[in-house]
Enquirer: 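Dropping a structure here in structure tokens format, bear with me for questions.
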Protein chains: 2
Amino acid sequence: MSIFSVDYKNRKPIWEQLTDNVTDLVLRGLLPLGEAMPSVRAMAAELGINPNTIQKAYVELERRGVIISIPGRGSFVTTDISALLTERLESAAAALSESARAAKEAGIERERAIKIIEDVWGE
Amino acid sequence: MSIFSVDYKNRKPIWEQLTDNVTDLVLRGLLPLGEAMPSVRAMAAELGINPNTIQKAYVELERRGVIISIPGRGSFVTTDISALLTERLESAAAALSESARAAKEAGIERERAIKIIEDVWGE
DNA sequence: ATAACTGTACTATCTGTAATAGTACAGATT
DNA sequence: AATCTGTACTATTACAGATAGTACAGTTAT
């Protein structure tokens, strides 16, 4: 059972699922910084997916700054995730704000919204 | 300029965009209850979209209880949106909770989350 | 050196789904 | 009667994602 996962039933393209998945694993510390990633072909074999699809995901992961690929050597998890962490922080704040706006629009009371927040942070 | 809108660049299928769009308009009171909807063919002409695509959206809208279609007469906005309103309320609460969980995971402080909520409800 | 790895770069093809095109029918309205 | 309505089909087109196959240059280990 691999820590990498894709879902054919998901509407999101496989290569995009994989980039999100790997980004998440790195940010959660489940993929050690500097660690070697499975090679494109190895990952393809592991997930039963075409190497071209994996390649596309790796290109995007490098563009995002999650991994670094070196021809002949392999792909490695980046050693500096500070930029990634702040990016995620801000996008999460924006998403929360957006979600709150929708909730208000739907008729959620201010008190109920506060309670939802407190419940989550109290878990 | 129609109040109905679709976006070809959106990943979501057109018929699904339209069902969401109409549901939203009804719940926001921008489409009077009991009002006649544009006919399948009229809506198709108005949006420049194939009637079959509109038809698919209308079937889904009726399944959701947003409209009622009567062969030979037309399609009409439902007169009872109470069930729809509570559905939307609960799904918005669930979405907010989920979004809050992600924010916490990303490292958002409890105080900042509360402030985001207060800012939105204070708008 | 040579074999077996790496990432990368192509072209061609397959496939599933959304959207389109066209036709038809029965009921309602005017 | 003419013209609307929703509904039900089949056939076709269009597009994007995924696959298949090949190739090349750089690295690594034997």
Side-chain angles (χ1 to χ4, degrees), chain A residues 2 4-23 26 31-32 34-79, chain B residues 2 4-23 26 31-32 34-79:
Chain A
S2 168
F4 305 107
S5 64
V6 292
D7 174 14
Y8 278 92
K9 279 163 295 199
N10 193 315
R11 180 169 296 176
K12 229 190 290 180
I14 290 176
W15 67 268
E16 205 171 321
Q17 289 183 44
L18 189 57
T19 56
D20 291 346
N21 181 214
V22 171
T23 302
V26 170
L31 233 43
E35 187 95 335
M37 290 280 293
S39 75
V40 169
R41 293 170 178 83
M43 178 75 88
E46 186 173 335
L47 295 177
I49 288 171
N50 193 283
N52 291 323
T53 305
I54 307 296
Q55 165 71 3
K56 190 165 187 179
Y58 275 28
V59 166
E60 175 62 14
L61 281 168
E62 183 163 30
R63 195 198 64 77
R64 285 194 197 174
V66 179
I67 67 173
I68 297 174
S69 293
I70 306 171
R73 289 194 25 77
S75 298
F76 306 86
V77 177
T78 182
T79 52
Chain B
S2 167
F4 305 108
S5 65
V6 294
D7 173 16
Y8 278 93
K9 281 165 295 203
N10 194 315
R11 179 170 297 175
K12 230 190 290 181
I14 291 175
W15 67 269
E16 206 172 321
Q17 289 182 45
L18 188 58
T19 56
D20 291 347
N21 181 216
V22 171
T23 302
V26 170
L31 232 44
E35 187 94 337
M37 289 282 292
S39 76
V40 169
R41 292 169 178 84
M43 176 77 88
E46 184 174 336
L47 297 177
I49 288 170
N50 192 283
N52 291 323
T53 305
I54 307 296
Q55 165 71 3
K56 190 165 187 179
Y58 275 28
V59 166
E60 174 62 15
L61 281 167
E62 184 164 29
R63 196 199 62 78
R64 285 194 197 176
V66 178
I67 68 173
I68 297 173
S69 294
I70 306 172
R73 289 195 23 80
S75 298
F76 305 86
V77 176
T78 182
T79 52

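Every chain is numbered from 1 and lettered A, B, ... according to where its sequence line falls, protein lines coming before strand lines. We use all heavy atoms of the structure for the numbers below, so side chains are in, but hydrogens, waters and symmetry mates are not. A quick note: this is a predicted structure, and the numbers were derived from the prediction, not measured.
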Enquirer: Look at the side chain of B:Asn52 and decide which nucleotide, out of D:dT7, C:dA21, C:dT6, has an atom nearest to it.
Expert: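 The closest nucleotide is C:dA21.
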
Enquirer: Output the rounded distance in Å from CD (A:Gln55) to C1' (D:dG17).
Expert: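 Roughly 16 Å, once rounded to whole Å.
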
Enquirer: Mark yes or no for whether A:Thr53, through its side chain, and A:Ile49, through its backbone, hold a donor-acceptor pair below 3.5 Å.
Expert: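 Looks like no, no N/O pair under 3.5 Å.
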
Enquirer: Within the structure shown, what part of the strands sits under 4.0 Å from A:Phe76 by heavy-atom distance: base, sugar-phosphate, or nothing?
Expert: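 The residue A:Phe76 makes no contact with any strand.
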
Enquirer: Starting at CD of A:Gln17 and ending at C1' of D:dA18, how long is that distance when rounded to a whole Å?
Expert: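 Distance check: A:Gln17 CD to D:dA18 C1' gives 13 Å.
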
Enquirer: Which atom pairs link the protein and nucleotides 28-30 of chain D when you take only N or O atoms and keep those under 3.5 Å?
Expert:
| unit_1 | atom_1 | unit_2 | atom_2 | d |
| --- | --- | --- | --- | --- |
| D:dT28 | OP1 | A:Arg73 | NH1 | 2.2 |

Enquirer: Identify, between B:Pro51 and A:Pro38, the residue whose nearest nucleotide on DNA chain C lies closer to the 5' end.
Expert: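 Result of the comparison: A:Pro38.
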
Enquirer: Rounded to whole angstrom units, what separation is found between the OH atom of B:Tyr58 and the P atom of D:dT5?
Expert: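 Roughly 10 Å, once rounded to whole Å.
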
Enquirer: Verify, without hydrogens or angle tests, whether B:Glu46 (side chain) and B:Ser2 (backbone) share a donor-acceptor contact under 3.5 angstrom.
Expert: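 Checking the backbone N and O of B:Ser2 against the side chain of B:Glu46, no donor-acceptor pair under 3.5 Å is found.
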
Enquirer: For the residue pair B:Ile68 and B:Val77, establish whether any side-chain heavy-atom pair is separated by less than 4.5 Å.
Expert: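 In short, these two side chains do not touch, never coming nearer than 4.5 Å.
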
Enquirer: What is the distance, rounded to the nearest whole Å, between atom CG of B:Leu18 and atom P of C:dA19?
Expert: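 So the two atoms are 11 Å apart, to the nearest Å.
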
Enquirer: Side-chain N or O of B:Tyr8 versus OP1/OP2 of D:dA14: is the shortest distance under 4.0 Å?
Expert: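 For B:Tyr8, the contact criterion (side-chain N or O under 4.0 Å from OP1 or OP2 of D:dA14) is not met.
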
Enquirer: Using the closest heavy atom to pick a nucleotide of DNA chain D for each, name whichever of A:Gly48 or B:Val59 lands nearer the 5' end.
Expert: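 Whichever sits nearer the 5' end wins; that is B:Val59.
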
Enquirer: Are any non-hydrogen side-chain atoms of A:Ser69 and A:Ile67 less than 4.5 angstrom apart?
Expert: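 Side-chain contact under 4.5 Å: yes.
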
Enquirer: Check the distance between C:dT29's C1' and B:Ile70's CD1 and give it to me in whole angstrom.
Expert: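 Nearest whole value for this atom pair: 13 Å.
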
Enquirer: Could you tell me how far apart A:Trp15 (CH2) and D:dA18 (P) are, to the nearest whole angstrom?
Expert: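 It is 9 Å, rounded to the nearest whole Å.
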
Enquirer: So, A:Asp20 and A:Lys12, do they make that salt bridge, N to O below 4.0 Å?
Expert: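 A:Lys12 and A:Asp20: salt-bridged.
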
Enquirer: Can a salt bridge be assigned to the pair A:Glu60 and A:Arg64 using a cut-off of 4.0 Å between side-chain N and carboxylate O?
Expert: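 A salt bridge is present here (some side-chain N lies under 4.0 Å from a carboxylate O).
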
Enquirer: Nearest-Å distance, CD (B:Glu60) to P (C:dA18)?
Expert: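 Checked: the CD to P distance equals 13 Å.
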
Enquirer: Heavy-atom distance under 4.5 Å between the side chains of B:Ile70 and B:Phe76, does that happen here?
Expert: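 Side-chain contact under 4.5 Å: yes.
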
Enquirer: Tell me: CG of B:Asn50 to P of C:dT23, nearest whole Å?
Expert: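 Answer to the nearest Å: 13 Å.
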
Enquirer: Given C:dA19, D:dA23, D:dG21, identify the nucleotide with an atom nearest to the side chain of A:Arg41.
Expert: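 Closest of the options to the side chain of A:Arg41: D:dA23.
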
Enquirer: Quick one: is B:Thr53 getting a side-chain N or O under 4.0 Å of the C:dA18 phosphate, OP1 or OP2?
Expert: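 Result: no.
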
Enquirer: Does B:Glu16 have any salt bridge (Lys or Arg N to Asp or Glu O under 4.0 Å) partners at least two apart in sequence or in another chain, and if so, which?
Expert: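 With sequence neighbours excluded, B:Glu16 shows a salt bridge (Lys or Arg N to Asp or Glu O under 4.0 Å) to A:Arg11, given in chain and number order.
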
Enquirer: Give a yes/no on whether any side-chain N or O of B:Ser39 is located under 4.0 angstrom from OP1 or OP2 of D:dT5.
Expert: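 B:Ser39 to D:dT5 OP1/OP2: side-chain N or O found under 4.0 Å.
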
Enquirer: Closest-nucleotide mapping onto DNA chain D: is B:Val40 or A:Pro13 further toward the 5' terminus? I mean the 5' end.
Expert: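 Mapping each residue to its closest nucleotide by heavy atoms, the 5'-most match is B:Val40.
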
Enquirer: Please classify the nucleic acid contact of B:Glu62 as base, sugar-phosphate, or nothing, using heavy-atom distances under 4.0 Å.
Expert: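 Sugar-phosphate, no base atom in range.
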
